[in-house]
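This structure is a prediction, so every number in the text was calculated from the model and none was measured.
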Amino acid sequence: HRPRNIELYRAPILLVGKGVTGDFKAKAALSTIDVIFTDAITSIKSLSNDIDFLNFLLALFNSDLFSYFLIQTNSSIGIEREQTHDKDDKFSMPVIYEQSDENLNELVNNLKQAITEYDSLVFNDAEKQQLERSIQSIQNSINQQLYQLYSLTQQERALIAYAIDITIPTLNNRTSVRNSKPDKAYLGRYAGIFIKHFNNIYNISGNHFEVEIVESSYAVGMYFKVIAEPSAHEGQIIWNASTFENLLATFAILSYSNISKDLFMQKDLKGFEADGFYIVKPNERKCWHEAVAYLDLGEIIDAIHQTRP
């Protein structure tokens, strides 16, 4: 046996459990008192007692970025018991830390205080609900701080959001999230990825860009078109446009391809017209997420380049 070092058990230390939470975050907590523990817990000790660094690790292990990292690299998440191997999984997370970040430290301390107050309340009253919203708001701010620290692009942030909003609920079999339909704001963010990209192209040449969106209970269709004058509609989006309503009915027929006698595969419809292109997909949140917009945009750009002489 290797020699024991009592200093490894003295506060402050970060304690990290083998398991993960339901949303694939580490079970981690910062201890300000000396503790001993079993092999189900791993401790991280700063040799210089740098509590700011431990706070940074605590924020990282409880972030959306960490959940995304585990989904991409973990050897057992979504397959068997929700456990992680310390060396190969949790502690292979890249760490970017040069010096203490006052904003991040303040957010972590505020989060710990809010969670302590939340746990002390017995009844699920208005005060507890307000604390719950406050905790979520602080956690969102911590996520944004980490995104800036890791210099993540908007596309990379969208991929993380897809993991949090779609992938994890699907792995956890949360049917209410998986089967929910997108609202106008959600669809608008999808369309906004295309609008931003093509505005940079067509506005230079004196043309403009606009999106027509029509919804049905089964499908959503978007028609992206080039126009001669600036769009008169808010956000360059025309809602419930009637120009290609028949396309949705066609989609119901064409969106499934027969693989075998009893097996069908659902497909999206993407096509081009003289003044633009259209995308028609099922009316489901997973199909119209911002991360999927970047993927669809890439396919459209590739198709445009292939048609040029």
Shared hydrophobic cluster for Leu30 and Leu47 (ILVMFWY, side-chain gaps under 4.5 Å): no
Between Phe277 and Phe198, is the ring centroid distance below 6.0 Å? yes
Would you call Asp296 and Lys270 a salt bridge, using N to O less than 4.0 angstrom? yes
Of all pairs that satisfy salt bridge (Lys or Arg N to Asp or Glu O under 4.0 Å), the ones with a partner from residues 139-151, not counting sequence neighbours: none
Do Val16 and Ile41 make a side-chain contact, defined as non-hydrogen atoms from C-beta onward lying under 4.5 Å apart? no
Check: Phe37 ring centroid to Tyr9 ring centroid under 6.0 Å: yes
Tell me which pairs pass salt bridge (Lys or Arg N to Asp or Glu O under 4.0 Å) where either residue lies in residues 61-73, with sequence neighbours left out. Lys25-Asp64
Only one of Leu104, Asn109, Asp101, Leu111 clears side chain to side chain contact (heavy atoms under 4.5 Å, CB included) with Asn55; which? Asn109
Nearest non-hydrogen partners of Tyr162 and His289, listed with the distance: N-CE1, 3.4 Å
With ring centroids as reference points, do Tyr278 and Phe224 lie under 6.0 angstrom apart? no
Between Ile13, Leu54, Leu15, which is the residue that forms a side chain to side chain contact (heavy atoms under 4.5 Å, CB included) with Ile44? Leu54
Phe209 six-ring centre to Lys225 NZ/CZ under 6.0 Å and within 45° of normal: no
Once side-chain contact (heavy atoms from CB on, under 4.5 Å) is applied, do any residues pair with Leu295, and if so which ones, sequence neighbours excluded? Glu299
